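Bear in mind the structure is a predicted one, so any value in this text is a computation, not a measurement.
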Protein chains: 2
Amino acid sequence: MEQGKINEDKFRRSAVSVEEAQAKVLAHVRPAESELVPILEAGHRVLASDVQAPHPFPHFRRSGMDGYAIHSLDTKGCHSGQPVQLEVIDEIPCGSLPSASVGWGTASRIMTGAKVPDEADAVIMLEMTEAIEQDGKRYILIKREVEPGKNITPAGFELAEGDLIMEKGRRVGPGEVSVLATFGIHQVPVARKPRVAVFSTGSELLAIDEPLQDGRIRNSNTYMLVHQIREAGGEPYMLEAIEDDLSVARQRVKEAFAEYDIVITTGGVSVGDYDIMAELVREQSLEMLFNKVMMRPGSVTTAAVKEGKLLFALSGNPGACFVGCELFVRPFIGAMLGSREPFLPKFQAVLGRTYAKVNNFTRFVRGSLAFEDGRLVAYPASLDESSVMITIKDSDVLIVIPPTNQGVQAGQLVDVLMLPGGSRG
Amino acid sequence: MEQGKINEDKFRRSAVSVEEAQAKVLAHVRPAESELVPILEAGHRVLASDVQAPHPFPHFRRSGMDGYAIHSLDTKGCHSGQPVQLEVIDEIPCGSLPSASVGWGTASRIMTGAKVPDEADAVIMLEMTEAIEQDGKRYILIKREVEPGKNITPAGFELAEGDLIMEKGRRVGPGEVSVLATFGIHQVPVARKPRVAVFSTGSELLAIDEPLQDGRIRNSNTYMLVHQIREAGGEPYMLEAIEDDLSVARQRVKEAFAEYDIVITTGGVSVGDYDIMAELVREQSLEMLFNKVMMRPGSVTTAAVKEGKLLFALSGNPGACFVGCELFVRPFIGAMLGSREPFLPKFQAVLGRTYAKVNNFTRFVRGSLAFEDGRLVAYPASLDESSVMITIKDSDVLIVIPPTNQGVQAGQLVDVLMLPGGSRG
């Protein structure tokens with residue numbers, strides 16, 4: 001047992017606040033390059049540049065109703081006792097152009113969304129007309145005056161050519177796709193996904209498909225991280241676990257830096273023995289950003305930088321690993337993508353149950369969110385240690401419990417960080 | 001112009017409520033089959049069966065601290081003036097098994113998460129001990145009594161073998177992945193994604209990559225629908241647009257029913273001329289579920305069923321198409337997947353700005369959500385017609401404005417339906 005492995009000296013760690021740690025990480029962001037992707041693949045990607053309207057919208061004078069395009073002056077003075085009669089000389093379905101000129105005393109049947117003939121200055125609703133036939137010709141009767149411009153949307157009414165339609169940094173959803181398609185933008189400029197290498201560390205971990213062994217647990221963090229990274233907008237690559245050997249770890253991390261934008265490890269950062277990642281980060285080859293954060297769980301979360309690439313050494317504890325990824329990796333990826341909101345959305349909610357655990361670090365407690373009478377109520381997922389593993393799946397939010405020596409009472413307002421909606425389907 | 005195409009008779013449509021229409025649709029759900037997918041691909045999928053714990057968790061007696069495994073009785077009566085001295089006879093890193101028996105008067109150095117030797121009944125924190133060496137042997141001094149069970153998590157403490165860990169119908173996110181991996185479930189039983197055919201209809205539509213033409217607009221709805229369907233958990237297939245010809249439409253829809261689980265069309269359902277989809281649904285070959293819904297936009301939303309497969313004929317208006325998909329297609333897909341919550345999440349919020357538009361149908365208004373002092377406030381995206389296209393991208397929620405003849409005042413509570421978070425990155 002005494003083969004030089006025991007090291008009971010603690011590494012000197014000076015804790016920084018979460019905000020300070022986030023700022024240190026974000027100071028090293030290098031914006032991702034831009035690439036064009038087909039619109040069908042653009043979902044959840046982040047726009048790499050502003051998008052301007054390539055043409056006005058609508059780009060032609062559009063009918064807002066099913067009815068007839070007319071000269072409004074033709075209706076002047078008419079009323080139910082003295083209707084005006086107009087000859088129907090054309091029919092304009094959507095997508096067609098007028099085939100006849102609307103002169104005085106005539107009307108063109110027109111569909112919602114079709115182009116209004118240039119000569120016409122109003123559209124009267126179908127329901128407000130009466131159709132008649134005389135001598136094989138078709139006419140309509142109109143019994144009330146129609147204002148000029150009625151039921152016509154002018155060209156450029158909604159947007160002029162060159163107007164900003166979407167800003168750089170916006171994430172593309174179905175609504176964005178609708179607008180992009182409307183303007184014919186079928187190749188969408190988006191930020192290239194940062195490539196993220198994920199290592200597990202620690203020779204104690206069983207592979208996910210190995211049979212259970214006494215005293216050993218399975219690698220679950222790297223699988224979780226793969227999904228968290230995807231949700232944050234990165235492209236994860238799961239690399240073979242690093243065994244507890246400093247020179248191997250050094251070499252593997254170096255290789256990963258050459259190929260990926262971000263390197264994440266889990267485990268091996270506690271102050272116990274065999275603390276490979278902590279040792280690695282203390283070496284001169286990396287610039288350590290922080291190795292202790294004033295938060296629970298995950299106080300040993302560590303980050304280092306080398307030539308503009310980030311190493312995140314996350315805790316091996318699943319709950320701490322999850323939080324470390326959401327608080328530090330997510331915003332780093334988001335900032336690389338140029339996202340307008342790289343952090344988890346933060347807002348206030350009412351604490352649904354008293355949280356009595358005291359700590360002098362800020363605690364991020366997994367919880368669920370309820371909407372009660374127009375108020376947000378956040379319930380901690382567990383109040384004790386009996387369900388620390390299983391509740392990781394039951395989290396809508398992270399509830400922020402500030403440093404406290406008496407807990408936080410139910411009914412108090414707390415900050416909550418909204419997690420992406422994975423578990424609410 | 002008079003080639004038998006004009007048909008100014010309105011189709012008889014009797015309107016049903018949104019809830020009634022949803023119930024009619026859900027009555028025809030056929031549960032999707034189950035399939036196994038690798039855990040790395042399971043994100044956002046819906047569990048097809050309950051998942052039970054294949055083993056207890058933890059599956060061995062686990063140390064909750066970095067420290068020493070001891071016999072608690074050895075510490076009986078000790079205090080700072082009379083410490084007990086134990087010989088350190090083993091060292092147990094995570095993933096290793098004890099290599100020596102902890103007898104009376106001895107202790108094993110143990111790491112957080114490692115297996116506690118069977119003989120030991122407590123773990124004392126490293127920080128509460130003092131290490132000394134005598135005659136080449138290592139000892140610790142303990143200065144206070146330790147209770148039996150201290151810092152030991154019993155096997156099965158969190159879950160027993162066979163305990164339900166996740167229910168059928170749950171959507172898989174990073175937390176679910178963590179739990180599945182912990183239990184070695186690397187092939188995940190999920191519901192097969194419903195295959196959804198998406199047609200655009202209407203010969204007026206330009207392809208997205210065609211140059212602009214006067215009087216014509218581009219097909220944007222099918223692109224939007226592809227992304228909405230993916231978010232809802234379906235697998236969209238974009239089919240060539242159906243031109244305005246009833247016999248062609250009949251044939252194309254028949255072919256699509258043979259190959260897909262759901263068929264969606266957009267356009268061609270208004271009460272204007274050339275109403276191909278409405279005509280098709282009126283035929284005897286399909287069972288019409290509804291062809292008018294008491295809602296705005298999208299009152300002409302139509303659904304029909306044939307041999308358990310659903311046809312949704314959505315409005316050609318982008319805003320109405322969006323709403324129709326979220327209100328009817330989404331829950332149908334979700335229900336096929338067995339999702340516990342197939343509908344958009346619904347809750348109450350305070351209306352942020354007066355919405356004055358009156359209607360005797362329920363209106364679904366796109367809006368954004370703000371969190372102000374622990375209250376949810378919903379702001380309509382637009383109050384007039386000047387931005388009906390562009391605001392489709394600015395929607396966190398659909399605000400439900402009930403039938404009203406005087407609008408809804410700012411400050412009143414309204415129901416809101418939460419949209420998936422596409423536009424908030």
Side-chain angles (χ1 to χ4, degrees), chain A residues 1 39-40 43 46 55 57 59-60 66 91 93-95 97 111 115 158-159 165 171 173-179 181-182 184 186 203-204 208-209 212 214-216 218 220 223-224 226-228 272 274 318 339 347-350 371 374-376 386-387 389-390 392-393 395 413 422-423 425, chain B residues 1 39-40 43 46 55 57 59-60 66 91 93-95 97 111 115 158-159 165 171 173-179 181-182 184 186 203-204 208-209 212 214-216 218 220 223-224 226-228 272 274 318 339 347-350 371 374-376 386-387 389-390 392-393 395 413 422-423 425:
Chain A
M1 58 175 265
I39 191 167
L40 286 175
V46 174
H55 57 72
F57 186 86
H59 67 279
F60 53 85
D66 236 19
E91 177 186 319
C94 284
L97 293 180
M111 309 305 147
K115 176 176 167 139
E158 194 161 333
L159 288 170
I165 52 181
R171 194 171 270 217
E176 284 75 12
V177 165
S178 172
V179 174
T182 295
H186 55 98
S203 49
E204 78 277 15
I208 190 174
D209 52 356
L212 208 57
D214 195 17
R216 298 181 70 186
R218 293 195 184 85
S220 62
Y223 292 89
M224 177 179 74
V226 160
H227 288 84
Q228 288 182 283
Y274 314 134
S339 169
F347 47 88
Q348 289 201 306
V350 174
F371 301 98
R375 303 191 86 189
L376 287 166
S386 66
S387 55
M389 187 275 295
I390 192 80
I392 197 165
K393 65 180 172 32
S395 312
L413 277 183
S423 64
Chain B
M1 60 173 266
I39 191 168
L40 286 176
V46 175
H55 56 72
F57 186 86
H59 68 280
F60 53 86
D66 234 22
E91 177 187 319
C94 284
L97 295 179
M111 309 305 146
K115 176 177 165 136
E158 194 163 332
L159 289 168
I165 51 180
R171 193 170 273 217
E176 285 75 10
V177 165
S178 172
V179 174
T182 296
H186 55 98
S203 49
E204 79 278 16
I208 189 175
D209 52 357
L212 208 57
D214 195 18
R216 297 180 72 186
R218 293 196 184 84
S220 62
Y223 292 88
M224 178 179 73
V226 160
H227 288 85
Q228 286 182 286
Y274 315 135
S339 169
F347 47 88
Q348 289 202 306
V350 175
F371 301 99
R375 303 190 86 188
L376 286 166
S386 66
S387 55
M389 185 277 293
I390 192 79
I392 197 165
K393 64 180 173 35
S395 313
L413 276 183
S423 66

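- Minimum heavy-atom separation, A:Ser220 to B:Ser178: CB-O, 3.5 Å.
- Between B:Gln228 and A:Pro174, the shortest heavy-atom distance links the atoms CG-CB, 3.5 Å.
- No other option in B:Ile165, B:Leu40, B:Val226 has as many heavy-atom pairs under 4.5 Å with chain A as B:Leu40.
- For CZ of A:Arg218, the number of neighbouring non-hydrogen atoms (other residues, nucleotides, ligands) closer than 6.0 Å is greater than 12.
- Between A:Ser395 atom OG and B:Glu176 atom CD the span is 8.5 Å, to the nearest 0.5 Å.
- Residue B:His186 touches chain A through both its backbone and its side chain, counting heavy-atom pairs closer than 4.5 Å.
- In this structure, B:His59 NE2 and A:Leu212 CG are separated by 3.5 Å, a value rounded to the nearest 0.5 Å.
- Taking chain B as the reference chain and counting heavy-atom pairs below 4.5 Å, the highest number among A:Met389, A:Met224, A:His55 is found for A:Met389.
- Here B:Asp214 contributes atom CG and A:Lys115 contributes atom NZ; the two are 3.0 Å apart, rounded to the nearest 0.5 Å.
- Looking at A:Ile208, both its backbone and its side chain come within 4.5 Å of chain B, counting heavy atoms on both sides.
- Interface residue A:Ile39: backbone and side-chain heavy atoms are both found under 4.5 Å from chain B.
- Distance alone, capped at 3.5 Å, places no donor-acceptor pair between the A:His227 side chain and the B:Gly175 backbone.
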